[in-house]
Participant: 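One structure follows; several queries about it will come next.
When a ligand or atom number is given, it counts from 1 through the structure's own listing order. Keep in mind the model is a prediction, meaning the values are calculated, not measured.
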Amino acid sequence: MEVNEAALLRKPRGLLEVEQVETWLPGAGEVVVRNEAIAFNPIEAKIQRWEMFDIEYPAVLGYTFGGTIHSVGPGVDSFKSGDRVAVARWGRAASDIRFGAFQKYPLALEENLVKLNAHTPLHEGCGVMANLATVVAALSICMNLGYPPVNARANRNGKRILIYGGSSSVGGLAVQYAVDAGYEVLTTSSPSNWSLVQRRGASCIIDHTRPKEEILESIKEHGPYDGIFDAIGSSEVTLLLGEFFLASNGGTFWSTSPTPVDKDLPKNVRKQWASYSDVLVEEGANKEAKMWYLHEYLPESLSSGRVFSNPSDIVTGGLGSVQNVLDSFMDGKISGKKVFVNPQEH
Ligand SMILES: NC(=O)c1ccc[n+]([C@@H]2O[C@H](COP(=O)([O-])OP(=O)(O)OC[C@H]3O[C@@H](n4cnc5c(N)ncnc54)[C@H](OP(=O)(O)O)[C@@H]3O)[C@@H](O)[C@H]2O)c1
């Protein structure tokens, strides 16, 4: 078995250090993956810098990755060595160092794998898997919007929604998902990501780099909305949507993240959020939606290429470059792209 290495976080707010770690053996229902693509998410940087969640140290961060199955544990019958897979670190894997994406040979739970055909790039698979689960849970489960057909677009249903932040990874997938489900979708983006967001099918893109008053005016002008989803989850966007609702006698919006200013929202404005992947994959009441997502919608949409992630930015330097990528998130340097590192590189 090859030597395993990880970018370890030894203490809260520490820097990542690349070290040799144990070579894990797969237990029942587990596989070892030769990790060839870490797909980064902003939450990993927030956990490192802000201690956003309570975790044990040393930690191996990283929620999504893709690669080739190296070995399988007892009872694994739907995957075999050599299969190309995308992995999300859901359920008991989320808090177990052996399953973290920032290592060369992580474990993965069989139930957290999606098999990719020979034509689907690893980056598409692991770049989309968890973010699209977030979208399904946020829009169809939490906000009660309809589900899209697989690999098709539903007829327009006469309803209009606002997705704030259509150039983010989650926002882009949310725009496309809602458009396919039959909604008219308005979204926001900086002008530099306009063409990317246009490909998602939004009916109108508002420039969110303009002064706040102009953004509010545009949002108002294109409303009213049957639902609002904030795909950015920043304090700035929370306050802006708070102002929008205040001017329209209150209401509810769903967001991707809590912020320190949530407590300052006007009393008649309700911001809701959830750890959306958990809603989809952990809550028994949503089992049917989980099965549809993992066994039908996701694999078929990836296979046809209908669902696509933001353009890949593949950073060289292997595990030694992971800290730099996390720093880029905190410095606000990730715009209209999904970042990957191949941990097998040196
Ligand atoms: N609750 C959950 O279950 C869950 C799951 C996944 C992600 N999240 C959260 O969702 C958020 C988005 O994640 P992601 O992976 O999609 O992020 P991402 O792809 O890294 O988002 C980057 C984009 O955010 C946009 N952006 C940044 N600041 C903005 C602002 N003030 N107004 C409008 N747009 C802004 C930028 O758009 P421009 O460059 O075009 O300006 C940039 O393209 C993060 O807060 C993440 O932690 C939550």
Participant: Quick one: nearest non-hydrogen protein atom to atom 38 (P) of ligand 1, plus distance?
Facilitator: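 Result: S190 OG, 3.2 Å.
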
Participant: Looking only at distances, please establish whether an N/O atom of ligand 1 is found under 3.5 Å from an N/O atom of N131.
Facilitator: no

Participant: Regarding atom 11 (C) of ligand 1: of the candidates S257, A231, G233, which has the closest heavy atom?
Facilitator: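 Residue with the shortest heavy-atom distance to the ligand atom: A231.
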
Participant: Exactly one of V315, T316, I314 should register a side chain to side chain contact (heavy atoms under 4.5 Å, CB included) with E345. Which one does?
Facilitator: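 That would be T316.
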
Participant: Give a yes or no answer on whether the side chain of H70 reaches the backbone of R34 with a donor-acceptor pair at less than 3.5 Å.
Facilitator: no

Participant: Short question: side chain of R210, backbone of E214 - any donor-acceptor pair under 3.5 Å?
Facilitator: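 No; judged by distance alone, with no hydrogens or angles, the pair does not exist.
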
Participant: Would you call the rings of F40 and F102 parallel, tilted or perpendicular, where under 30° means parallel and over 60° means perpendicular?
Facilitator: tilted

Participant: Please output the side-chain donor-acceptor pairs of residues 304-312 that fall under 3.5 Å, not counting sequence neighbours, one pair per line with the distance.
Facilitator:
{"from": "S304", "atom 1": "OG", "to": "N151", "atom 2": "OD1", "distance (Å)": "2.6"}
{"from": "S304", "atom 1": "OG", "to": "E300", "atom 2": "O", "distance (Å)": "3.2"}
{"from": "S304", "atom 1": "OG", "to": "S301", "atom 2": "O", "distance (Å)": "3.3"}
{"from": "S304", "atom 1": "OG", "to": "R306", "atom 2": "N", "distance (Å)": "3.1"}
{"from": "R306", "atom 1": "NE", "to": "D180", "atom 2": "OD2", "distance (Å)": "3.1"}
{"from": "R306", "atom 1": "NH2", "to": "D180", "atom 2": "OD1", "distance (Å)": "3.0"}
{"from": "N310", "atom 1": "OD1", "to": "R200", "atom 2": "NH2", "distance (Å)": "3.0"}
{"from": "N310", "atom 1": "ND2", "to": "S167", "atom 2": "O", "distance (Å)": "2.9"}

Participant: Tell me if the CD atom of E236 is crowded by more than 12 foreign heavy atoms within 6.0 Å.
Facilitator: no

Participant: In a table with atom names and distances, give each donor-acceptor pair under 3.5 Å that connects a side chain of residues 277-286 to protein atoms at least two apart or in another chain.
Facilitator:
{"from": "S277", "atom 1": "OG", "to": "W90", "atom 2": "NE1", "distance (Å)": "3.4"}
{"from": "D278", "atom 1": "OD2", "to": "S275", "atom 2": "OG", "distance (Å)": "3.2"}
{"from": "E282", "atom 1": "OE2", "to": "G91", "atom 2": "N", "distance (Å)": "3.3"}
{"from": "E283", "atom 1": "OE1", "to": "N286", "atom 2": "ND2", "distance (Å)": "3.4"}
{"from": "N286", "atom 1": "ND2", "to": "V279", "atom 2": "O", "distance (Å)": "2.9"}

Participant: Counting only heavy atoms, which portion of A274 has something under 4.0 Å from ligand 1: side chain, backbone, both, or neither?
Facilitator: backbone

Participant: Of the backbone atoms (N, CA, C, O) and the side-chain heavy atoms from C-beta on, which set of A138 has a member under 4.0 Å from an atom of ligand 1: side chain, backbone, both, or neither?
Facilitator: neither

Participant: Is S169 touching ligand 1 with its side chain, its backbone, both, or neither, if touching means heavy atoms under 4.0 Å apart?
Facilitator: both

Participant: Would you indicate which of W254, Y276, W194, W273 comes nearest to atom 2 (C) of ligand 1 when only heavy atoms are counted?
Facilitator: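 Nearest option to atom 2 (C) of ligand 1, by heavy atoms: Y276.
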
Participant: If you have a sec, work out which protein heavy atom is nearest atom 41 (O) of ligand 1 and how many Å separate them, to one decimal?
Facilitator: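 Answer, as residue, atom name and distance: H208 NE2, 2.7 Å.
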
Participant: Is V237 in polar range of ligand 1, meaning some N or O pair under 3.5 Å apart?
Facilitator: no

Participant: Using heavy atoms and a threshold below 4.0 Å, how should the contact between V170 and ligand 1 be classified: side chain, backbone, both, or neither?
Facilitator: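 Answer for V170: both.
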
Participant: Relative to atom 37 (O) of ligand 1, which among A137, A45, P42, S167 owns the nearest non-hydrogen atom?
Facilitator: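 Checking each option, the heavy atom nearest atom 37 (O) of ligand 1 is found in S167.
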
Participant: With respect to atom 4 (C) of ligand 1, which of I334, V197, T256, D207 exhibits the smallest heavy-atom separation?
Facilitator: T256

Participant: Counting only heavy atoms closer than 4.0 Å, does ligand 1 sit against the backbone of T134, its side chain, both, or neither?
Facilitator: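 Just the side chain.
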
Participant: What do we get for K46 next to ligand 1 when only non-hydrogen atoms under 4.0 Å count, side chain, backbone, both or neither?
Facilitator: side chain

Participant: With nothing but distance in play, are any N or O atoms of T188 less than 3.5 Å from an N or O of ligand 1?
Facilitator: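 Checking ligand 1 against T188, no N or O pair falls under 3.5 Å apart.
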
Participant: Could you walk me through whether W292 and Y147 satisfy the ring pair (Phe, Tyr, Trp, His ring centres under 6.0 Å) test, starting with their C-alpha distance in whole Å, then the side-chain angles of each, then the deciding distance to 0.1 Å, before giving a yes or no?
Facilitator: CA-CA 10 Å; W292 168 79; Y147 290 82; 5.2 Å; yes

Participant: Distance check, rounded to the nearest 0.5 Å: E184 atom CD versus L162 atom CG?
Facilitator: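 One finds 11.0 Å between CD of E184 and CG of L162.
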
Participant: Determine, for F329 and K46, whether the Lys NZ or Arg CZ falls below 6.0 Å from the six-membered ring centre while staying within 45 degrees of the axis.
Facilitator: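 No, K46 does not sit over the ring of F329.
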
Participant: Should I232 be listed as contacting ligand 1, given a heavy-atom distance under 4.0 Å as the test?
Facilitator: yes

